[in-house]
Engineer: 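Below: one structure in structure tokens.
Chain identifiers are assigned alphabetically (A, B, ...) following the order of the sequence lines, protein sequences preceding nucleic acid strands; residue numbering begins at 1 within each chain. Bear in mind that the values here come from a model prediction, so they are computed numbers and not experimental data.
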Protein chains: 2
Amino acid sequence: VPKGHQTQTRDRLIQSGAGLFAEKGFGGVSVRAICKHAGTSVNMIHHYFESKEGLLKAITEQFDSNTFATPMRLLSKPAGSPADFRSRMEMLFEETLDAYIEQRPLITVVLREQEDLAALQEFMKRFVEFLEQAKKKGFVRKELDCEMITGFFLDRIVNQVQFAPWVKRNYGSDLLGDLQYKQRWCKANLDLLVNGMVP
Amino acid sequence: VPKGHQTQTRDRLIQSGAGLFAEKGFGGVSVRAICKHAGTSVNMIHHYFESKEGLLKAITEQFDSNTFATPMRLLSKPAGSPADFRSRMEMLFEETLDAYIEQRPLITVVLREQEDLAALQEFMKRFVEFLEQAKKKGFVRKELDCEMITGFFLDRIVNQVQFAPWVKRNYGSDLLGDLQYKQRWCKANLDLLVNGMVP
């Protein structure tokens with residue numbers, strides 16, 4: 001079997017597993033049902049993941065590494081100026097949003113199972129350091145409690161992506177299908193985060 | 001049967017239904033299992049809610065009306081001064097957090113099913129109006145895109161409450177069990193929201 005084919009089978013099992021777990025919960029789906037959905041023979045879960053638990057772990061790891069690699073890179077160097085700090089926040093917000101959109105099929109199951117996410121943890125740690133460095137240089141308000149607030153923009157992004165169908169139903173637009181809405185949403189939320197509500 | 005007893009039975013079915021739906025998904029739980037868990041006879045779901053779908057609707061409505069009544073009240077009058085605006089945001093943040101904490105057993109199932117929430121919708125509409133009024137008086141920055149940002153603090157609160165076990169596992173504290181952490185978390189996130197990141 002050529003390598004490309006193996007990767008495809010493994011990926012199909014991850015996608016099918018994520019979709020079925022999201023729909024019916026981890027306990028409500030059999031190994032047989034996942035393989036049937038992915039169009040593979042029943043021993044393939046065992047071959048690639050050892051067990052259903054192993055498949056859940058692989059889903060979590062794929063979400064974790066694919067989602068936080070770019071955000072992590074954007075914080076690798078300290079901000080050099082107030083303008084650089086602002087533009088780094090902008091890139092961070094938009095790139096993280098796009099990474100979540102791309103990983104959307106996996107989000108529901110990873111969130112529901114509340115699995116540990118090693119890359120997310122590394123990213124959050126790095127984000128706190130980045131803000132502390134920026135604070136020392138005066139690019140960030142000295143009152144900001146960096147440890148307590150790094151999750152704020154992730155919460156906003158993940159909910160907007162996960163609840164896109166609800167947003168669409170209630171407001172007529174969502175981030176996934178409407179570029180103009182997405183741009184306005186990004187600009188408005190980033191503006192609030194950077195500049196706050198009050199003058 | 002006295003009225004109090006009826007209310008108790010109905011509430012028990014709502015609590016049992018929410019717990020089981022959260023654990024196994026709506027499709028993975030039978031009417032029989034819910035009644036057994038609640039310690040009622042099997043015709044009680046039919047009596048109070050007509051069907052399992054009716055029970056889900058009751059769970060959603062209870063969450064919706066209990067969670068957003070206080071936040072809605074806090075925005076009933078326009079802010080009278082910059083200080084009043086700040087103190088209203090502070091009360092709104094803390095009261096909404098407490099309402100979510102109180103309704104925590106119902107959150108998972110309501111979020112998962114992405115049901116419509118009429119009281120939430122009313123509250124969001126009112127919040128936009130409140131911000132627009134404050135903007136006219138100069139208490140809110142004129143660049144703020146009020147329609148796009150009212151969900152921000154709800155996203156932060158709901159995730160922190162829903163993922164409290166994850167937060168506890170990864171950071172050693174959470175909002176539910178540690179008053180000092182809760183106060184620091186509220187202060188820091190409110191400060192970010194009102195004043196932003198940059199000087």
Engineer: Write down the atom of Met148(A), the atom of Trp185(B), and the distance for their closest heavy-atom approach.
Structural biologist: SD-CA, 3.8 Å
Engineer: Counting heavy-atom pairs under 4.5 Å to chain B, which of Pro165(A), Gly151(A), Cys146(A) comes out on top?
Structural biologist: Gly151(A)
Engineer: Over all heavy atoms of both residues, which pair between Pro199(B) and Gly138(A) is shortest? Give the atoms and the distance, please.
Structural biologist: CG-O, 3.5 Å
Engineer: Treat each ILVMFWY residue as a node, draw an edge where side-chain heavy atoms are under 4.5 Å apart, and state whether Phe130(B) and Val128(B) are in one component.
Structural biologist: no
Engineer: Would you indicate whether Glu53(B), at its atom CD, is surrounded by more than 12 heavy atoms from other residues, nucleotides or ligands within a distance under 6.0 Å?
Structural biologist: yes
Engineer: Below 4.5 Å from any heavy atom of chain B, which atoms of Ile157(A) appear? Answer side chain, backbone, both or neither.
Structural biologist: neither
Engineer: Heavy-atom pairs under 4.5 Å with chain A - which of Val140(B), Val194(B), Leu144(B) has more of them than the others?
Structural biologist: Val194(B)
Engineer: Only pairs of heavy atoms separated by less than 4.5 Å count here; which of Glu147(A), Lys135(A), Lys24(A) has the most with chain B?
Structural biologist: Glu147(A)
Engineer: What residues of residues 59-86 of chain B sit under 4.5 Å from chain A when only non-hydrogen atoms are counted?
Structural biologist: Phe85(B), Arg86(B)
Engineer: Check the pair Asp116(B), Trp166(A) against side-chain contact (heavy atoms from CB on, under 4.5 Å), reporting the backbone distance first and the verdict last.
Structural biologist: CA-CA 8 Å; Asp116(B) 286 338; Trp166(A) 187 94; 4.1 Å; yes
Engineer: Would you give the length of the straight line joining atom CZ of Phe152(B) to atom CD of Gln160(A), rounded to the nearest 0.5 angstrom?
Structural biologist: 10.0 Å
Engineer: Are Arg141(B) and Asp191(A) side-chain neighbours, meaning at least one heavy-atom pair lies under 4.5 Å?
Structural biologist: yes
Engineer: What distance do Asn159(A) atom CG and Leu154(B) atom CG have between them, rounded to the nearest 0.5 Å?
Structural biologist: 9.5 Å
Engineer: Does Lys52(B) have more than 12 heavy atoms from other residues, nucleotides or ligands lying within 6.0 Å of its NZ?
Structural biologist: yes
Engineer: Restricting to side-chain hydrogen bond (donor to acceptor under 3.5 Å, both in side chains), what partner residues turn up for Asn189(A), sequence neighbours left out?
Structural biologist: Arg156(A)
Engineer: Is there side-chain contact between Met197(B) and Phe139(A), with heavy atoms separated by less than 4.5 Å?
Structural biologist: no
Engineer: Scan for salt bridge (charged side-chain N to carboxylate O under 4.0 Å, His left out) pairs involving residues 37-47 of chain A, sequence neighbours excluded, and state none if there are none.
Structural biologist: none
Engineer: Answer yes or no: are there more than 12 heavy-atom neighbours, outside His46(A) itself, under 6.0 Å from its atom NE2?
Structural biologist: no
Engineer: Starting from Tyr171(A), can I reach Leu131(B) by hopping between I/L/V/M/F/W/Y residues whose side chains sit under 4.5 Å apart?
Structural biologist: yes
Engineer: Could you check whether Asn195(B) and Glu143(A), counting side-chain N and O atoms only, form a donor-acceptor pair closer than 3.5 Å?
Structural biologist: no
Engineer: Filter on salt bridge (charged side-chain N to carboxylate O under 4.0 Å, His left out), then keep only pairs touching residues 90-115 of chain B, sequence neighbours left out; what's left?
Structural biologist: Asp98(B)-Lys182(B)
Engineer: Could you check whether any side-chain N or O of Gln114(B) sits under 3.5 Å from a backbone N or O of Ala164(A), counting only pairs where one atom can act as donor and the other as acceptor?
Structural biologist: no
Engineer: Give, as side chain, backbone, both or neither, the part of Leu120(B) having an atom under 4.5 angstrom from any heavy atom of chain A.
Structural biologist: side chain
Engineer: Got a salt bridge between Lys187(B) and Asp145(A), using NZ or NE/NH1/NH2 to carboxylate O under 4.0 Å?
Structural biologist: no
Engineer: Find the distance between CZ (Phe153(A)) and CG (Leu192(B)) and round it off to the nearest 0.5 Å.
Structural biologist: 11.0 Å
Engineer: Taking NZ in Lys137(A) as the centre, count heavy atoms belonging to other residues, nucleotides or ligands within less than 6.0 Å. Is the count above 12?
Structural biologist: yes
